[in-house]
Amino acid sequence: MATEIELDINGKRRAIHTEPDTTLLSALRDQLDLTGTKYGCGEGQCAACTVLMDGSPRRSCLTRATTAAGKKIVTIEGVAQNGRLHPVQQAFLEEQAFQCGYCTPGMILTALALLKSNPDPSDDEIAQFMEGNICRCGTYPRIVAAIHRAARMMRSSAHES
Amino acid sequence: MIPEPFEYHIPKNLEEASRLLAQFGGEGKILAGGHSLVPMMKLRLAAPKHLIDLGRLTDLKYIRESDGRIEIGALTTHFQIQSSSLLKEKCPLLPETAREIGDVQVRNKGTIGGSLAHSDPAADWPAAILALAGEIQARNVSSSRWIPASEFFVDLLTTALGGDEVLTAIRVPVAPPRSGHAYLKLHHPASGYAMVGVAAQVLLNEARHIESASVGVTGVGPKAYRATAVEEALRGKAPSRQNLEAAAAHAAEGIDVNSDLYASAEYRSHLAQVYTRRALEKALERAHGK
């Protein structure tokens, strides 16, 4: 029972075909070659597969591809603009907020949503918002530092413009 | 992480959903937010032949007040409840419970109706709905009924919903004056589920004694329950530390307490008592503040 649908991914319309068990994660990775979204556990535990749906973080491994139709999806590939890294990406690099890097795309997307709703989060607010995203290398302190750094960068660029 | 093959249906309205559910009998399963059912299907703990997705039934997403009651549509997400200003004012136990559920990603997609229908023994909503003496609406093709929360949770992952019934709404009374609430939970460190979760609502009389208390407990037994022995022990009593402690000692009375890798039955019973006392203390503090 395959059906063809269109998704809005990083501002572009992309056609995919879906079977009943097609997740958004498999559509992104296997059909659209957007492999920046990571397959961690596949069962909703780790949040490595996080994408933004209409701005809010979702686990793409538990989201059926068809339910993403009509929503604006942002994956890690859509975060940099015009060849320039987003401040959150830049801050993760500068703080070296990863070891193996597998959780990083999901971390960055969740952090983007956090900073959108809270431009100056405390350590506790960061820990609470990011609690679903697991880093098996244990780089949490650097991730927290990177989010603070990104917040500073974004606030100062908001002042300039 | 690949489920058994299944057919997928996306009904346009509730009537069609009910009809499909009746048609497939035990082989059909309703999909709401999918944050319990989909992992279970991937782990092959559940293998429905037909999945009926309620995703298009957007009219089941609402929070409204009428006649002293709050009614919440089954597809309302945990995040919507957590951030509802109506609920913060009229029934603050619900937002307080919602913010303890899972993580941001779960709260953005998971629904109150899905969670209640799934009836996980360590889910948060059952404790709150029991403590509030809420009711749960079940509808099939031809009729609709309200099931009291006290009769809804039957056993492990088992509810009073009939095979052809869809859970469509929840309603709870608006919190009365001189009442206080609390939801306290010990999170399982990996899954975020409740090792113990206690929802309490207390009502004071004019003498500032306890008129009534209601206590819902999750994570402790095979299903969430009302700790009726605790409630009875508090009726008419002064809210002293001693009285609370004595009442909370009944928190796991008569319950077949879960024992697993994380907590023995003895430890869990102890946690139930401690969290019950603390939840009552917090609820009373808030009731006194009014």
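Letters A, B, ... are given to chains in the order of the sequence lines, protein chains preceding strands, and every chain is numbered from 1.
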Chi angles and distances behind the side-chain contact (heavy atoms from CB on, under 4.5 Å) call for B:Asp103, A:Gln128: CA-CA 8 Å; B:Asp103 51 45; A:Gln128 203 169 42; over 6 Å; no
A:Met130 and B:Val104: CA distance, side-chain angles, deciding distance, side-chain contact (heavy atoms from CB on, under 4.5 Å) verdict: CA-CA 8 Å; A:Met130 304 290 295; B:Val104 170; over 6 Å; no
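Contact of B:Arg56 with chain A is not made at all, since no heavy-atom distance falls under 4.5 Å. With a 4.5 Å cut-off on non-hydrogen atoms, A:Cys41 touches chain B through its backbone but not through its side chain.
Residues of residues 64-85 of chain A having a heavy atom under 4.5 Å from any heavy atom of chain B, listed by number: A:Arg64, A:Thr66, A:Thr67. Listed by sequence position, B:Val106, B:Arg107, B:Asn108, B:Lys109 are the residues of residues 106-116 of chain B in contact with chain A, using a 4.5 angstrom heavy-atom cutoff. Interface residues of residues 21-43 of chain B toward chain A, defined by a heavy-atom distance below 4.5 Å and sorted by number: B:Leu31, B:Gly34, B:His35, B:Val38, B:Pro39, B:Lys42, B:Leu43.
Heavy-atom neighbours of B:Phe79 CZ from other residues, nucleotides or ligands within 6.0 Å: at or below the threshold of 12. No more than 12 heavy-atom neighbours from other residues, nucleotides or ligands sit within 6.0 angstrom of CZ on B:Arg99. In the displayed structure, A:Gln96 atom CD is contacted under 6.0 Å by at most 12 heavy atoms of other residues, nucleotides or ligands. At most 12 heavy atoms of other shown residues, nucleotides or ligands fall within 6.0 angstrom of atom CD1 in B:Ile2. Heavy atoms from other residues, nucleotides or ligands lying under 6.0 Å from OH of B:Tyr267 number 12 at most. Counting non-hydrogen atoms of other residues, nucleotides and ligands closer than 6.0 Å to CD of B:Glu15 gives a total of 12 or fewer. For B:Tyr262, the OH atom is loosely surrounded, since the number of other residues' heavy atoms within 6.0 Å does not exceed 12.
Between atom CD of residue B:Gln105 and atom CG of residue A:Leu62 there is a gap of 10.5 Å, rounded to the nearest 0.5 Å.
For chain B, the option among A:Gly44, A:Ala47, A:Cys61 with the highest count of heavy-atom pairs below 4.5 Å is A:Cys61.
By the side chain to side chain contact (heavy atoms under 4.5 Å, CB included) test, A:Ala151 pairs with A:Leu115, A:Pro121, A:Arg155, sequence neighbours left out.
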